[in-house]
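To keep things clear, I will list the structure first and then write my remarks on it.
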Amino acid sequence: MKKTILSIAFTFALSLSSFAQTALADNPINFEQIKTVKEKSEVKILTKEGITEYTSSNGSVIKIGDKFKINRPEGGSKTFVSISNKPTVMDAFASTAFNSTVNTSMSNTEITIKTLYIAGSRKLGFKTYAELATCGTCNNLLVDIELAIETKEIRTNGISSDDALIELKKSKDKLDLGLISQAEYDTKKSELVKYIK
């Protein structure tokens, strides 16, 4: 019986690894699309080709193959609120309970994004997650992208609403002081206004 279970688990793991290596069609999605999802059937339609790119609420463009820089846990706690360990096949057979929490040892680490996907339910809502590649000291990590950005547990290439507003105010001051032209200010404003909520 145990051999049969191990054989099934091994076959499942191989099928997952072959799926992960399949080239995806270009399929970018964004935060606004995820906000409107109400049913799992909508997720299946949205992710039919897989997800290659996700544009977050702060404008960060996150792609498979990019790296997340993991910061310190939110609020100085000892574990991350937006990042968790993904259980492996072997964890199912372990004699101890699986611990999904990730501690501060992962701080200041850069890890490659392996997969992007949407998970959730009608009752709790849907979110976009990133699965990070295995690193020397961790299983695959799962990141709740929006929560990680909000808590600053990861660093992305986007800009927050507050940062965009500060930058726009600096540009306005430069315009008022005659350090930049109206055209330069208008260009900067058009770049930043999409991030301001």
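Computed over heavy atoms, backbone and side chain alike; hydrogens, waters and symmetry mates excluded.
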Where is the tightest heavy-atom contact between [X] and [Y], given as atom of each residue plus distance?
X    : Y    : result
S171 : K188 : OG-CG, 3.3 Å
V143 : A148 : CG1-CB, 3.6 Å
F68  : R155 : CD2-O, 4.2 Å
A130 : I113 : CB-CG2, 4.2 Å

*Can D173 and K169 be counted as an ion pair, charged N to O under 4.0 angstrom?*
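Salt bridge flag = no for K169 with D173.
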*Presence of salt bridge, R122 and E39, under 4.0 angstrom*: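 Answer for the salt bridge query: yes.
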First locate atom [atom1] of [X], then atom [atom2] of [Y], and finally report the distance between them rounded to the nearest 0.5 Å.
X    : Y    : atom1 : atom2 : result
I145 : E153 : CD1   : CD    : 13.5 Å
K127 : D144 : NZ    : CG    : 4.0 Å
L192 : T187 : CG    : OG1   : 11.0 Å
K67  : I62  : NZ    : CD1   : 16.0 Å

*Would you say S60's side chain and S56's backbone share a donor-acceptor pair under 3.5 angstrom?*
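Side chain of S60 to backbone of S56, a donor-acceptor pair under 3.5 Å: no, none is there.
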_I'd like to know if the side chain of T47 and the backbone of G50 have a donor-acceptor N/O pair within less than 3.5 Å._
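Here the side-chain-to-backbone pair does not exist.
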*Tell me, yes or no, whether the heavy-atom count around K69 atom NZ, taken from other residues, nucleotides or ligands under 6.0 Å, exceeds 12.*
yes
*Just jot down the side chain to side chain contact (heavy atoms under 4.5 Å, CB included) partners of K38, sequence neighbours excluded, or say none.*
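Once residues adjacent in sequence are excluded, the partners of K38 under the side chain to side chain contact (heavy atoms under 4.5 Å, CB included) criterion are E42.
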_Among residues at least two apart in sequence or on other chains, which ones pass side chain to side chain contact (heavy atoms under 4.5 Å, CB included) with N30?_
E32, Q33, T55
*Sort out for me which residue in I64, L116, L46 forms a side chain to side chain contact (heavy atoms under 4.5 Å, CB included) with I51.*
L116
Heavy-atom side-chain proximity of [X] to [Y] below 4.5 angstrom:
X    : Y    : value
N108 : I70  : no
V43  : F126 : yes
E53  : I29  : no
Y185 : K174 : no
K114 : L132 : no
F80  : N71  : no
S84  : L142 : yes

*Linking I/L/V/M/F/W/Y whenever any side-chain heavy atoms sit under 4.5 Å apart, do Y129 and I118 land together?*
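Different clusters: Y129 never reaches I118 through Ile, Leu, Val, Met, Phe, Trp or Tyr contacts under 4.5 Å.
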*May I ask whether F31 and Y117 are part of the same hydrophobic cluster, defined by side-chain heavy atoms of I, L, V, M, F, W, Y residues being less than 4.5 angstrom apart, directly or through others?*
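Result: no, two separate clusters.
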*Could you go through the side chain to side chain contact (heavy atoms under 4.5 Å, CB included) check for E131 and L141 one step at a time?*
CA-CA 6 Å; E131 181 178 337; L141 299 177; over 6 Å; no
_Between S57 and E146, is the side-chain hydrogen bond (donor to acceptor under 3.5 Å, both in side chains) condition met? List the steps._
CA-CA 7 Å; S57 60; E146 293 297 334; 2.5 Å; yes
